[in-house]
Amino acid sequence: MKSEPDVYSIDDLHRDGREMWDSIRNYQARNMMRDDMRIGDEIFFYHSSCKVPAIVGISRVCSEPYPDPVQFDKTSRYFDPKSSKDSPRWILVDVEFVRKFDRAITLTELREQPGLDGMILMRRGNRLSIMPVSDEHWDLILTLE
DNA sequence: GCCAACGTTGGC
DNA sequence: GCCAACGTTGGC
């Protein structure tokens, strides 16, 4: 899961313990939270749109999927007038802090790993803020820490 | 600040 | 249902 550190960083999650992953307005990302995530699933926490884009730690899914309350908040820029409580369009999960890496594993470094070829994160122009990571890639990335 | 790569919107 | 125009993301 990507997050802009200026908006919400791994340190913020460490401080808060857990966080509702709200305001995601992309159908693919929503589908992953709604359909693919299970309580206990571990997540790489990635800092994006910043000086050194990098995987900086691990978080974990800690709720069932449920409707994003922000979609009903008229004062929010993420308010969705086409959504309704009867059939909410945007679904999210809560995530909890697991640990922060001793050092950030930078995108540059990840690109240098031949074993990570084909990772969705590395695709040019990739804009997905939530994406699956294969077991092989997960294990390989952990050896880089 | 630039620009590639998408996703979304809306006219037809 | 197509597709052009536009908006957003995010690395560089």
Side-chain angles (χ1 to χ4, degrees), chain A residues 1-16 18-37 41-63 65-145:
Chain A
M1 288 171 118
K2 296 181 186 173
S3 189
E4 298 183 23
D6 291 346
V7 178
Y8 200 80
S9 71
I10 186 83
D11 294 323
D12 293 325
L13 185 61
H14 192 186
R15 179 197 63 214
D16 298 337
R18 64 186 283 162
E19 177 74 358
M20 182 171 75
W21 212 253
D22 62 57
S23 306
I24 303 295
R25 295 293 178 268
N26 170 283
Y27 288 105
Q28 275 180 270
R30 176 206 66 183
N31 292 349
M32 275 181 273
M33 291 199 283
R34 188 189 60 189
D35 306 330
D36 301 331
M37 289 187 169
D41 285 351
E42 289 193 313
I43 303 159
F44 282 136
F45 196 106
Y46 178 85
H47 282 171
S48 69
S49 294
C50 56
K51 208 154 197 176
V52 185
I55 299 173
V56 292
I58 294 177
S59 63
R60 188 196 288 130
V61 178
C62 67
S63 81
Y66 64 97
D68 179 349
V70 175
Q71 69 195 307
F72 306 121
D73 175 2
K74 287 187 180 146
T75 67
S76 169
R77 66 173 282 214
Y78 296 103
F79 172 68
D80 185 347
K82 292 179 189 158
S83 185
S84 71
K85 299 216 171 173
D86 287 342
S87 107
R89 177 179 295 190
W90 304 109
I91 303 295
L92 54 68
V93 296
D94 293 350
V95 304
E96 63 189 349
F97 179 80
V98 174
R99 69 188 180 92
K100 182 180 176 178
F101 289 160
D102 292 333
R103 63 178 203 89
I105 302 170
T106 66
L107 180 61
T108 312
E109 231 179 305
L110 294 170
R111 286 194 195 288
E112 288 165 358
Q113 290 293 323
L116 296 178
D117 283 354
M119 231 191 130
I120 298 172
L121 179 66
M122 255 81 85
R123 283 197 204 143
R124 261 167 54 106
N126 161 58
R127 302 181 313 157
L128 257 188
S129 68
I130 301 176
M131 64 194 78
V133 178
S134 71
D135 290 340
E136 293 74 19
H137 290 165
W138 179 275
D139 292 341
L140 198 161
I141 289 165
L142 284 181
T143 67
L144 303 176
E145 186 181 354

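Proteins come first, then strands; the chains are lettered A, B, ... in the order of their sequence lines, and each starts at number 1. Because only heavy atoms are used, hydrogens play no part in the values below, and waters and symmetry mates are left out as well, while side chains stay in.
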Starting at atom [atom1] of [X], determine the distance to atom [atom2] of [N], rounded to an integer number of angstrom.
| X | N | atom1 | atom2 | value |
| --- | --- | --- | --- | --- |
| A/Met119 | C/dG11 | CE | P | 13 Å |
| A/Asp6 | C/dG11 | CG | P | 13 Å |
| A/Glu109 | C/dC12 | CD | C1' | 18 Å |

Q) Does the A/Asp68 side chain pair with the main chain of A/Ser23, one donor and one acceptor, at a distance under 3.5 Å? A)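 Yes; at least one donor-acceptor contact below 3.5 Å.
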Q. Where the side chain of A/Asp12 meets the backbone of A/Ser9, is there a donor-acceptor pair that is under 3.5 Å apart?
A. yes
(Q) Nearest 0.5 Å, please: how far is CZ in A/Arg18 from CZ in A/Phe97? (A) 15.0 Å
Q | Mutual orientation of the aromatic rings belonging to A/Phe45 and A/Trp21 [parallel < 30°, tilted 30-60°, perpendicular > 60°] | A | perpendicular
Q. Looking at A/Leu121 and A/Lys2, what are the two nearest heavy atoms and their distance?
A.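 That closest heavy-atom pairing would be CD1-CE, 4.1 Å.
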Q.
Applying a 4.0 Å non-hydrogen cut-off, can you work out what A/Arg25 is touching in the nucleic acid: base, sugar-phosphate, or nothing?
A.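 Answer is nothing: A/Arg25 stays at 4.0 Å or more from every strand.
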Q.
Show, in sequence, the C-alpha distance, side-chain angles and deciding distance for A/Trp90 and A/Tyr66, and conclude whether the ring-ring contact (aromatic ring centres under 6.0 Å, His included) test is met.
A. CA-CA 8 Å; A/Trp90 304 109; A/Tyr66 64 97; over 10 Å; no
(Q) For nucleotides 2-10 of chain C, give me one character per nucleotide, 5' to 3': B if any protein heavy atom sits under 4.0 Å from the base, S if the only such contacts are to the sugar-phosphate, - if neither. (A) -----BBBB
